[in-house]
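Computed from a predicted model, the values in this text were never measured in an experiment.
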Amino acid sequence: MIAKQLLPVVLAAAGFVSAQSSDKCTQDTFKINSQADASGLSGCSTLKGNVVIGENSDNTIDLSGPKKIDGDLQCKNNGKLITLKSSSLGEITGDFLLQNVTILSTLSMSGLTSVGSISWTSVLELQKLGFTTGLSKAKSVRIADTKIDSLDGIDMTTVALMDINNNHRLVSFDSGLTSLTDTLNINANGAGLQVKFSKLKSVANMTISGVSSFDVPSLSTINGSCAFVENDFKSFSAPNLTQTNSGSILSFVSNNALTNISLPAVTKLGGGLLIANNTALEKIDSIPKLKQVTGDIKFRGVFNTVSMPALDDVGGAFDVVSTENITTSCASFDKLAPAKYVKGGNGHIQGTYTCKGKIENANNDTSGQTGKSGTGSDSSGNKNAAGAVTVNGLTAFGLVAVGAFFQLL
Ligand SMILES: *[C@@H]1O[C@H](CO)[C@@H](O)[C@H](O)[C@H]1NC(C)=O
Ligand SMILES: *[C@@H]1O[C@H](CO)[C@@H](O)[C@H](O)[C@H]1NC(C)=O
Ligand SMILES: *[C@@H]1O[C@H](CO)[C@@H](O)[C@H](O)[C@H]1NC(C)=O
Ligand SMILES: *[C@@H]1O[C@H](CO)[C@@H](O)[C@H](O)[C@H]1NC(C)=O
Ligand SMILES: *[C@@H]1O[C@H](CO)[C@@H](O)[C@H](O)[C@H]1NC(C)=O
Ligand SMILES: *[C@@H]1O[C@H](CO)[C@@H](O)[C@H](O)[C@H]1NC(C)=O
Ligand SMILES: *[C@@H]1O[C@H](CO)[C@@H](O)[C@H](O)[C@H]1NC(C)=O
Ligand SMILES: *[C@@H]1O[C@H](CO)[C@@H](O)[C@H](O)[C@H]1NC(C)=O
């Protein structure tokens with residue numbers, strides 16, 4: 001009785017095993033703990049399935065043989081692996097994930113040119129990327145908490161996401177990227193990190209902090225929110241930027257060495273502009289062609305001059321407060337204020353209007369919120385409806401982009 005009942009189960013199990021082993025190059029998961037496990041796969045030209053290196057692996061794993069992993073290559077919570085290499089691997093279609101691989105110091109994948117994504121976090125001893133041919137294709141690259149001092153080998157021209165944070169030896173990053181379609185985060189890397197994107201033409205969302213220079217000579221389009229927070233750069237210049245797209249917030253916050261924000265070609269900002277707590281910025285006078293801002297303008301600082309001579313249309317609030325006397329600068333904007341804020345104003349600024357100097361704690365407000373210190377009631381008047389919408393836009397920036405920034409710390 002018992003035997004009869006068990007038999008079909010045993011047969012089924014045996015059938016399952018032999019079906020799997022009939023193609024040893026195709027499995028749900030290839031578990032690798034030893035060099036013998038890796039060598040056993042060297043005859044496969046493609047590994048179909050996820051390759052997972054276990055927590056207690058040998059010190060060295062050489063995955064030479066396969067040219068392609070049609071799946072992920074993963075190693076997590078491993079305190080044993082010192083060297084991971086493959087002289088043959090050219091492509092990983094899924095994620096190349098290294099997470100909390102604490103003593104891995106040598107990674108060598110000389111032929112790797114294409115991965116779905118790179119996600120390396122807490123690979124504390126890793127010093128080199130080890131992509132000698134150069135990685136020319138990846139949708140996203142996240143490298144955090146490593147000893148990497150160079151990103152040479154990251155050679156894509158386009159990528160959706162790039163997040164480089166807490167790599168304390170990284171002091172220069174020279175990239176040939178031409179477009180970033182989703183997100184760029186650079187933050188808390190080596191002191192004085194110099195970033196050069198000499199060919200970058202378009203970016204979407206971007207948060208940059210802890211850099212001492214950020215060169216974007218070709219940047220022409222911003223399609224998302226860009227925040228420059230707590231950098232050491234003395235000047236920022238985007239000579240080829242003409243406009244930001246709808247909903248973009250461009251912000252410069254707490255960059256304490258910044259003396260010059262130069263946007264010579266910008267004519268239109270499709271969202272807002274926030275400049276706050278840049279305690280060396282005495283003049284905001286290098287945005288000469290800016291004519292139209294769909295959202296809010298909010299400036300807080302120690303500046304004595306604000307000059308935007310072409311400005312003629314602000315859909316949201318105009319909220320400018322300085323520790324210094326800005327009476328002369330304010331006079332030029334008063335003309336654009338709604339009449340209920342400034343008698344005789346033409347209302348080309350449609351939201352709340354504030355322009356005030358000699359306010360001691362001006363730098364104390366770096367939030368994206370505007371209009372709080374507005375001098376009049378704005379409960380009526382149809383133009384304010386537009387103002388209210390865009391005020392929310394800038395508020396959303398404060399929560400979303402700054403929130404994203406702190407998450408990365
Ligand atoms: C990181 O991996 C080590 C083993 O190498 C483990 O002891 C530790 O708990 C892991 N840390 C986390 C946060 O998972
Ligand atoms: C930028 O971020 C915002 C808020 O997270 C998001 O709604 C938007 O889709 C992003 N833009 C791009 C191009 O990824
Ligand atoms: C800036 O834009 C102009 C006009 O589109 C172009 O000719 C020039 O090459 C760009 N400069 C850089 C550094 O990309
Ligand atoms: C801007 O980003 C949005 C997603 O947030 C996308 O739908 C749109 O196509 C992008 N526009 C450009 C010009 O890249
Ligand atoms: C600001 O930077 C731009 C571009 O680098 C430069 O042309 C301009 O002279 C600078 N202005 C000041 C006041 O330093
Ligand atoms: C601010 O500057 C203006 C113009 O130079 C001057 O008339 C005014 O008295 C100054 N205000 C204060 C409080 O110093
Ligand atoms: C901002 O300034 C006010 C008045 O000087 C002070 O009471 C408050 O604590 C300050 N807030 C911050 C966050 O520094
Ligand atoms: C202003 O910037 C300084 C650094 O320059 C920073 O310590 C301070 O916290 C910032 N203030 C606010 C309100 O963010």
(request) Would you mind reporting whether Ile143 and Leu151 have side-chain heavy atoms less than 4.5 Å apart? (result) yes

(request) Taking only Lys NZ, Arg NE, NH1 and NH2, and the carboxylate oxygens of Asp or Glu, determine whether Lys128 and Asp149 approach each other closer than 4.0 Å. (result) yes

(request) Kindly say whether Pro66 contributes a backbone atom to a donor-acceptor pair with the side chain of Ser88 at under 3.5 angstrom? (result) yes

(request) State the OG-CG distance between Ser140 and Leu180, to the nearest 0.5 angstrom. (result) 11.0 Å

(request) Give a yes or no on this: more than 12 heavy atoms of other residues, nucleotides or ligands lie within 6.0 Å of atom NZ of Lys139. (result) no

(request) Apply side chain to side chain contact (heavy atoms under 4.5 Å, CB included) to the pair Ile92 and Leu73, showing each step before the final yes or no. (result) CA-CA 7 Å; Ile92 298 169; Leu73 173 57; 3.9 Å; yes

(request) Could you grab the distance from atom OG of Ser108 to atom CG of Leu129, nearest 0.5 Å is fine? (result) 11.5 Å

(request) With the side chain counted from C-beta on, respond yes when Phe131 and Thr113 share a heavy-atom pair under 4.5 Å apart, and no when they do not. (result) no

(request) Flag the pair Lys85 / Met109 as yes when at least one side-chain heavy-atom distance between them is below 4.5 Å, and no otherwise. (result) no

(request) State whether a side-chain donor-acceptor pair under 3.5 Å links Ser179 with Thr158. (result) yes

(message) Rounded at 0.5 Å granularity, tell me how far OG1 in Thr132 sits from CG in Asp152.
(response) 12.0 Å

(request) Using only heavy-atom distances, determine whether the side chains of Asp70 and Thr93 contain a donor-acceptor pair under 3.5 Å. (result) yes

(request) Would you tell me whether Thr146 and Asn167 have side-chain atoms, one donor and one acceptor, within less than 3.5 Å of each other? (result) yes

(message) Please check: side-chain N/O of Ser248 versus main-chain N/O of Thr244, any donor-acceptor pairing under 3.5 Å?
(response) no

(message) Whether the Asp163 and Asn165 side chains hold a donor-acceptor pair (N or O, under 3.5 Å, no angle test) is what I'd like checked.
(response) yes

(request) Using atom types as modelled and distance alone, determine if a side-chain donor or acceptor of Ser225 lies under 3.5 Å from a backbone N or O of Ile249. (result) yes

(message) Could you measure the distance from the OG1 atom of Thr242 to the CG atom of Leu263? Nearest 0.5 Å is fine.
(response) 11.0 Å

(request) May I ask you to test the Met156-Met162 pair for a side-chain heavy-atom distance under 4.5 Å? (result) yes

(message) Among Ile164, Asn166, Ile148, which residue satisfies the side-chain contact (heavy atoms from CB on, under 4.5 Å) criterion with Asn189?
(response) Ile164

(request) Check the side chains of Ser117 and Asp95 for a donor-acceptor pair under 3.5 angstrom, ignoring hydrogens and angles. (result) yes

(message) Tell me if a side-chain donor or acceptor on Thr26 pairs with a main-chain N or O of Asp23 at a distance below 3.5 Å.
(response) no

(message) Determine whether Glu55 and Lys76 satisfy the following criterion, salt bridge (charged side-chain N to carboxylate O under 4.0 Å, His left out), listing intermediate values before the conclusion.
(response) CA-CA 7 Å; Glu55 293 178 9; Lys76 290 189 205 173; over 6 Å; no

(request) Find out whether Thr46 and Glu91 are in side-chain contact, i.e. whether some heavy atom of one side chain is under 4.5 Å from a heavy atom of the other. (result) no

(request) Go through the side-chain N and O atoms of Lys358 and Asn325 and say whether any donor and acceptor fall under 3.5 Å apart. (result) no

(request) Return the minimal non-hydrogen interatomic distance between Lys283 and Phe303, and the atom names on each side. (result) N-CB, 4.3 Å

(request) Apply side chain to side chain contact (heavy atoms under 4.5 Å, CB included) to the pair Thr83 and Ile61, showing each step before the final yes or no. (result) CA-CA 6 Å; Thr83 301; Ile61 298 287; over 6 Å; no

(message) So if I apply the side-chain contact (heavy atoms from CB on, under 4.5 Å) rule between Tyr353 and each of Val320, Asp334, Leu336, Asp319, which one comes out positive?
(response) Asp334

(message) Looking at every non-hydrogen atom in both residues, tell me the closest pair between Leu63 and Ser86 and how far apart they are.
(response) O-OG, 3.2 Å

(request) Return the minimal non-hydrogen interatomic distance between Asp155 and Gly134, and the atom names on each side. (result) OD2-CA, 3.4 Å

(message) By the definition side-chain contact (heavy atoms from CB on, under 4.5 Å), identify the one residue from Ile261, Thr366, Val253 that meets it with Ile275.
(response) Ile261

(request) Answer with yes or no whether the side chains of Asp62 and Ser64 bring together a donor and an acceptor at under 3.5 Å. (result) yes

(message) Under the criterion side chain to side chain donor-acceptor pair (under 3.5 Å), I'd like the reasoning laid out for Asn78 against Ser57: C-alpha separation, chi angles, the key distance, then a yes or no.
(response) CA-CA 8 Å; Asn78 177 312; Ser57 70; 3.0 Å; yes

(message) Distance check, rounded to the nearest 0.5 Å: Leu47 atom CG versus Lys68 atom NZ?
(response) 11.0 Å

(message) Using the ring centroid of each side chain, check whether Phe252 and Phe236 are separated by less than 6.0 Å.
(response) yes

(request) Locate the shortest heavy-atom distance separating Thr183 from Asn185; write the atom from each residue and the value. (result) CG2-ND2, 3.6 Å

(message) Could you go through Val52 and Ile32, starting from their C-alpha distance and side-chain angles, then the distance that decides it, and tell me whether this counts as side chain to side chain contact (heavy atoms under 4.5 Å, CB included)?
(response) CA-CA 6 Å; Val52 176; Ile32 295 185; over 6 Å; no

(request) Report yes or no: does Asn187 contribute a side-chain atom to a donor-acceptor pair with the main-chain N or O of Ser209 at less than 3.5 Å? (result) no

(request) Starting from the C-alpha separation in whole Å, work towards a yes-or-no answer on side chain to side chain contact (heavy atoms under 4.5 Å, CB included) for Leu273 and Ile287. (result) CA-CA 11 Å; Leu273 177 61; Ile287 319 177; 4.2 Å; yes

(request) Would you confirm whether Thr221, through its side chain, and Ser202, through its main-chain N or O, come within 3.5 Å as a donor-acceptor pair? (result) no

(request) Examine the side chains of Asn255 and Asn231 and answer whether a donor and an acceptor come within less than 3.5 Å of each other. (result) yes

(request) Determine the minimum heavy-atom distance between Pro217 and Pro239, stating which atoms define it. (result) O-CG, 3.8 Å

(message) If I compare all heavy atoms of Asn277 with all of Ser254, which pair ends up nearest, and what's the gap?
(response) ND2-OG, 2.7 Å

(request) Say whether, by atom type as modelled, one donor and one acceptor occur between the side chain of Thr133 and the main chain of Ser110 under 3.5 angstrom. (result) yes

(message) Could you measure the distance from the CG atom of Leu161 to the OG atom of Ser119? Nearest 0.5 Å is fine.
(response) 9.5 Å

(message) Would the distance check show the side chain of Thr259 and the main-chain N or O of Lys234 forming a donor-acceptor pair, the cut-off being under 3.5 Å?
(response) yes

(message) Are Lys298 and Asp365 packed together at the side-chain level, in the sense that at least one heavy-atom pair is separated by less than 4.5 angstrom?
(response) yes

(message) Tell me whether the count of non-hydrogen atoms from other residues, nucleotides or ligands lying under 6.0 Å of CD in Glu282 goes above 12.
(response) no

(request) Could you tell me whether the side chain of Asp285 and the main chain of Val306 form a donor-acceptor pair under 3.5 Å? (result) no

(message) I'd like to check Met308 versus Ile297 (side-chain heavy atoms, cut-off strictly below 4.5 Å). Are they in contact?
(response) yes

(request) Measure the shortest side-chain to side-chain distance between Phe197 and Ser175 over non-hydrogen atoms and say whether it is less than 4.5 angstrom. (result) yes

(message) Looking at Thr157, is its backbone amide N or carbonyl O close enough to the side chain of Thr178 to form a donor-acceptor pair, meaning the two atoms are under 3.5 Å apart?
(response) yes

(message) Can you confirm whether the side chains of His348 and Asp313 place a donor and an acceptor under 3.5 Å from each other?
(response) no

(message) Can you see whether Gln194 engages Asp174 through a side-chain donor-acceptor pair at a distance of less than 3.5 angstrom?
(response) no

